Protein chains: 2
Amino acid sequence: MTAAPRKKAASAIATQTGRSERLDTRMLESLVGYNARRAWLAVSTVFAERMTAYGLKQVDFSVLSLLAHNPGATSRQLCATLDILPPNLVSLISTMDSRGLIERRPHPYDGRAIGLYLTPAGEALVREAERTVVELENEASERLTARERETLIRLLQKVYR
Amino acid sequence: MTAAPRKKAASAIATQTGRSERLDTRMLESLVGYNARRAWLAVSTVFAERMTAYGLKQVDFSVLSLLAHNPGATSRQLCATLDILPPNLVSLISTMDSRGLIERRPHPYDGRAIGLYLTPAGEALVREAERTVVELENEASERLTARERETLIRLLQKVYR
DNA sequence: TATTGTTATACTCTATAACTATA
DNA sequence: TATAGTTATAGAGTATAACAATA
């Protein structure tokens, strides 16, 4: 998300010779995958900006939010839910722990597993962060009616669920 | 995309204690960004699998497809269109060149720029790859009607364009 | 024997700074 | 002075193999 688009380019002429400023993207824009990625990229850029205030990346937010609604979830469950690999969750969890946002408690009847819980500080942070994300989402889907937004989400879930 | 989901988990009981297999993801699933990413991930996994036959990654396909419809486009134009940074395009382009898929010709009236063109081999490959991608897209959006698919794409574009 | 969490490590993707040659 | 393309490099993000403790 760096590329600075030019002013406008008075084209309409030389598409054939390929020297116009804007390229013909009709093929790519006919693909669900391409559009989903672009939309995600647009939202996630704003997401990343706003979350720096909380010191959270996207995965961090996902993990904390999941723990807010699923106290005692294990690393394994988080990995399965978010499609991330166990080794890549370790440092994330231990950072959250160091920051005093989460707590690790031994699992009641599985000695291998560790239950993860938000601390009061963690809960307060998630509450704020979730509010910001909802705000941000409303801005991002500003050009959609509430009904269109629901439809969009429903159709996206039809693709991946 | 490695996490292997369990058989099913006969839960419905202990959501409160957080020991059920599946986690409550309703918060995340209410977000456009989250759903767009999941949908893209689902499509892109299949995409990556099928494109190995052509030795192409996602970016490779985007670049070749753009060149098919925009002969003579420059690196700068590709970067602006696909939101990739110039340094990251260099090795991609030079690999395509080595593979005999594209050709670099000096730009007619800007000595700094280089026009990029598909070779006949490149054109043949793109034709095949584009057919495969369209097939794959239809499979991925199998659970959508043609009308729903159009709606989905239109709404996604409303978010990022 | 399989699973949870972990370490170490490698590979890919993306980003930044600085150079060259043209404009 | 600014832009197109390039080099080198640094930092995220994602992946694999192997281990200890527990089931």
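Convention: sequence-line order gives letters A, B, ...; per-chain numbering from 1. This structure is a prediction, so every number in the text was calculated from the model and none was measured.
- Listed nucleotides: C:dT14, D:dT7, C:dG5. Nearest to the side chain of A:Arg37: C:dT14.
- C:dT22 atom C1' lies 15 Å from atom CZ of B:Arg76, rounded to whole Å.
- A perpendicular orientation is assigned to the rings of B:Phe61 and B:Phe47, their planes being inclined by more than 60° (bins at 30° and 60°).
- When each of B:Ser75 and B:Asn88 is assigned the nucleotide of DNA chain D bearing its nearest heavy atom, the one mapping closer to the 5' terminus is B:Ser75.
- Using a 4.0 Å cut-off between charged nitrogen and carboxylate oxygen, B:Arg147 and B:Glu150 do not count as a salt-bridge pair.
- Checked by atom type and distance alone, the side chain of A:Thr52 pairs as donor or acceptor with a backbone atom of A:Glu49 at under 3.5 Å.
- Across the protein-nucleic acid pair, A:Gln58 atom CD and C:dC13 atom C1' stand 15 Å apart, rounded to whole Å.
- Between the CG atom of B:Asp60 and the P atom of C:dT12 there is a distance of 13 Å, rounded to whole Å.
- Contact annotation for A:Ile114: backbone-only contact, meaning every heavy-atom pair under 4.0 Å involves sugar-phosphate atoms and none involves a base.
- Side-chain atoms of A:Leu85 lie closest to D:dT16 of the nucleotides C:dT16, D:dT16, C:dT6.
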Heavy-atom protein contacts under 4.0 Å, nucleotides 17-23 of chain D, coded B base, S sugar-phosphate only, - none: B----BS
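- OP1 or OP2 of D:dG13 has at least one side-chain nitrogen or oxygen of A:Lys57 nearer than 4.0 Å.
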Pair A:Glu148-B:Arg154, salt bridge (charged side-chain N to carboxylate O under 4.0 Å, His left out): steps then yes or no: CA-CA 10 Å; A:Glu148 282 178 324; B:Arg154 184 174 55 79; 3.8 Å; yes
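- Atom NE2 in B:His107 sits roughly 10 Å away from atom P in D:dA4 (whole-Å rounding).
- If you measure from atom CZ of A:Arg105 to atom C1' of C:dG5, you get 19 Å, rounded to the nearest angstrom.
- By the side-chain contact (heavy atoms from CB on, under 4.5 Å) test, A:Asp110 is found to be paired with A:His107, A:Arg112, A:Ala113, residues two or more places apart in sequence or in another chain being considered.
- In this entry the distance linking CG of B:Leu89 with P of D:dT6 reads 8 Å, nearest Å.
- In this entry the distance linking CG of B:Leu41 with C1' of D:dG13 reads 12 Å, nearest Å.
- Atom CG of A:Leu155 sits about 12.0 Å away from atom CZ of B:Arg143, to the nearest 0.5 Å.
- Side-chain contact annotation: A:Ser141 with A:Arg149, donor-acceptor N/O pair under 3.5 Å present.
- Rounded to whole angstrom, the span from the CE atom of B:Met96 across to the P atom of D:dG5 amounts to 16 Å.
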